[in-house]
Amino acid sequence: MLILGVNAYHGDASDPRLELRRRSGILLNPEFLNPVTMNPLLDFSGLPRFADFKPEYVTPAVDQLLQENRALIARLVADDVPATWRDFVEPFEDANERLARAWGQVGHLNAVMNSPELREIYNANLPRITQYYSELSQHQGLFRKFKALHAGAEFATLTRAQRKIIENELRDFRLGGAELPDEKKARFMAIRERLSQLSSRFSDNLLDATNAFAHYVTAEKELTGIPEDVLAAAREAARAEGKPGWKFTLHAPSYLPVLQYADNRSLRELMYHAYVTRASEFGKEEWDNTPLIAEIVKLRQEMARLLGFNNYAEYSLAPKMAESPEQVIDFLEQLSVRAKPYAERDLKEVSEFARTELGLDKLEAWDLAYASEKLRIARYAFSDQEVKQYFPETTVLPGMFKLIETLYGLTITPAEAPTWHPDVRFFSIRNGEGALVGQFYLDLYARPSKRGGAWMDEAITRRRKAGGVQTPVAYLNCNFSAPVGGKPALFTHDEVITLFHEFGHGLHHLLTRVDYLGVSGINGVEWDAVELPSQFMENFCWEWDVLAPMTRHVQNGQALPRELFDKMLAAKNFQSGLATVRQIEFALFDLHLHYDFDPSGTKTALQLLDEIRSRVAVIIPPAYNRFPNNFSHIFGGGYAAGYYSYKWAEVLSADAYSLFEENGVLDPATGKRFWNEILGVGGSRPALESFVAFRGREPRIDALLRHNGMVET
């Protein structure tokens, strides 16, 4: 599977792995250097060998890497190893990068090609990986070495990126419990291991509950209003199981169009109920995430208090831009005050329309998307389905690539690499001189073995090694509808925005110019600033000069008419008040859950959410809604006490984009500046400093409010 000529790292006689062996005194398994016979997870000479992967490779690879890393660390903390960058930090980073790359492949495949066998092996090894990183975070020998390096004469001679890595390490040692007494260290490590297990279980339960539901319809009259391409996919899904009619699932490409277009109100209600009760007491007991939520929140609070924090929110914010939970809550509350009147106006409009035009005296939760789409068509004379015909994948991707080429002087071309699924494609990015800058995998379509949502992840991170610069590689994952009936996949405009968003994350990872792993790409970037490049990219989806060239009607080949684009633009902020208040509702729930909620008290997480909704929300869902049970961002991902970062970073991204609006949205000079000051610097300096270097001042909220139509004109 290893394809010569596209390796992310090109070794030479001074292979850094051999150098690591010489400097560490560790004798690596000879198979480690034999790419023909070796375990593919232990081959770091190039791109991941997905075609050679088997679940049974995971445990031996983890065994070997953990053994080698622990032996190396024992050597590095010895008194005869100088506390210098070359002798201590470099070999330490080399070892941890190997483990991260191997385990990263396993985690990636578990997310995109989930199977019972892989899941079992992943969950069996996850506690071991968690334990290793917990050991590192509390390792007194490593802590002493980093403190000695920070205090030594060499520190002043290091680059800013190197110094930032050392400072981050010292901070993370303290956050990892390195200063705790031994008895508290043991408890801290046990909590971290248990939390990793609970997080994985939460995600598994949600995926299982999503996959378990299917609704079959055999009478076509029950499906009026649903777009033909959605029906075609549903018909094909049923046919694949040897069943008549149409199959609908809770995966986004199936579920969302039903809620948005189906005239059959009973069908909408059935699908809505199934979706919002996933992984709750309404389904299988073993998939119920309710007890997991309670345990997760309780353990997070205990972990934070072990370190001297009052609550988990304070612990979570320690490495972020925001200074305190109070500052975040104040930010969200102020934004809520600005947004709520617009949300109330949005709800009043759609409710009145539903009553007078659709005969719905009471607008229920399963009616909202349907009535909103009907109102948008009535008001702006176009539908998402009409727009979708102009966005075939075959023109959207080249159009997005053209934007990147214009802004940054880059070229994106297809390349060859082994992949984990036939639908996955691979691309290379080169600069004006033809030099390779980065590479990425693109996995666009939904499937049962793939977790929901859209995300970017690192496959290989840029760093400078003995053999030269290691080319960064990214995974870009979405859950769009696959092509049906020989036609290309068609994207809604919202899906185009999602694609641009994830590609923004990808560019942050791929266009870094930092040579040191710990702050290269998205590494070391404050969590509440990491969404800046992704949300920034979304703005281009509303620019005529960007959008028009990337459209072609799937039937007649015509470009998007300017008249239709103007309608889309007029509708851009349609119900933006509702959308903003919804995000604030989730962010406040997350913050309060980890700030002033008592996990040992009688109040449940769901009751807390109900209280926040009564203050902030304008739409109250049915009592059976179990949103916390599928809030994977904070219980299955890394957004605990950090969900606010979407709105926080949106302030940064909107204000950054305003400079493009001033200078010309396709201005290469502004693009170069954005690359130099934001994308290129990674986490080598504070995000606020990078923003000021680009924008020339500190961020302001005005651009966000203007972009969302929440200013009086």
Side-chain angles (χ1 to χ4, degrees), residues 227 256 260-261 338-339 342-343 345-346 349-350 353 369 371-392 395-396 398-400 402-404 406-407 490-501 503-504 534-554 556 558-583 650-651 653-667 670-671 701-713:
L256 292 177
Q260 192 172 10
Y261 295 106
R338 302 288 289 270
Y342 293 93
R345 181 194 65 187
D346 292 343
E349 288 176 348
V350 71
F353 178 84
S372 296
E373 179 63 14
K374 296 293 187 185
L375 174 57
R376 175 160 53 181
I377 294 172
R379 178 176 294 177
Y380 302 106
F382 79 94
S383 69
D384 278 351
Q385 189 61 22
E386 177 187 359
V387 173
K388 183 178 181 178
Q389 308 309 308
Y390 288 96
F391 287 104
T395 57
V396 170
M400 182 175 69
K402 179 65 175 177
L403 170 66
I404 303 309
T406 301
L407 288 179
L490 299 177
F491 300 152
T492 66
H493 187 244
D494 283 344
E495 288 174 334
V496 173
I497 292 173
T498 297
L499 179 61
F500 272 60
H501 178 103
F503 204 70
S534 56
Q535 293 175 336
F536 163 82
M537 276 291 288
E538 295 181 21
N539 293 286
F540 291 101
C541 296
W542 296 102
E543 299 291 349
W544 173 251
D545 290 341
V546 174
L547 212 63
M550 57 189 288
T551 62
R552 186 177 70 238
H553 196 281
V554 69
N556 59 33
Q558 294 181 355
L560 182 76
R562 181 62 193 242
E563 179 184 6
L564 180 53
F565 172 77
D566 289 340
K567 292 177 183 178
M568 294 166 57
L569 203 57
K572 175 177 181 285
N573 293 315
F574 177 63
Q575 296 188 341
S576 64
L578 283 175
T580 300
V581 165
R582 183 172 179 266
Q583 290 293 96
E650 200 174 344
V651 171
S653 63
D655 202 7
Y657 188 73
S658 66
L659 186 61
F660 283 81
E661 293 175 315
E662 294 170 12
N663 297 340
V665 296
L666 294 175
D667 178 40
T670 310
I701 199 172
D702 308 64
L704 171 62
L705 296 172
R706 175 170 53 83
H707 284 188
N708 287 330
M710 291 189 289
V711 292
E712 297 300 330
T713 57

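Nothing here was measured: the structure is a model prediction, and the numbers come from that model.
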Backbone N or O of [Y] within a donor-acceptor pair of the [X] side chain at under 3.5 Å?
{"X": "Asp346", "Y": "Leu578", "answer": "yes"}
{"X": "Asp566", "Y": "Glu563", "answer": "no"}
{"X": "Thr395", "Y": "Met550", "answer": "yes"}
{"X": "Gln535", "Y": "Glu650", "answer": "yes"}
{"X": "Thr580", "Y": "Gly577", "answer": "no"}
{"X": "Asn573", "Y": "Ser576", "answer": "no"}
{"X": "Gln583", "Y": "Ala579", "answer": "no"}
{"X": "Tyr342", "Y": "Asn708", "answer": "no"}

If you take all heavy atoms of Ala343 and Val581, which pair is closest and at what distance?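 Between these two residues, the closest heavy atoms are CB-CG2, 3.5 Å.
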Which atoms form the tightest heavy-atom contact between Tyr390 and Glu386, and what is the distance?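 Minimum heavy-atom contact is CD1-O, 3.6 Å.
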Under 3.5 Å, is there a donor-acceptor pair linking the side chains of His707 and Glu661?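 Note: His707 and Glu661 side chains meet the donor-acceptor criterion.
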Ignoring hydrogens and angles, state whether a donor on the side chain of His501 or Glu538 is under 3.5 Å from an acceptor on the partner side chain. yes
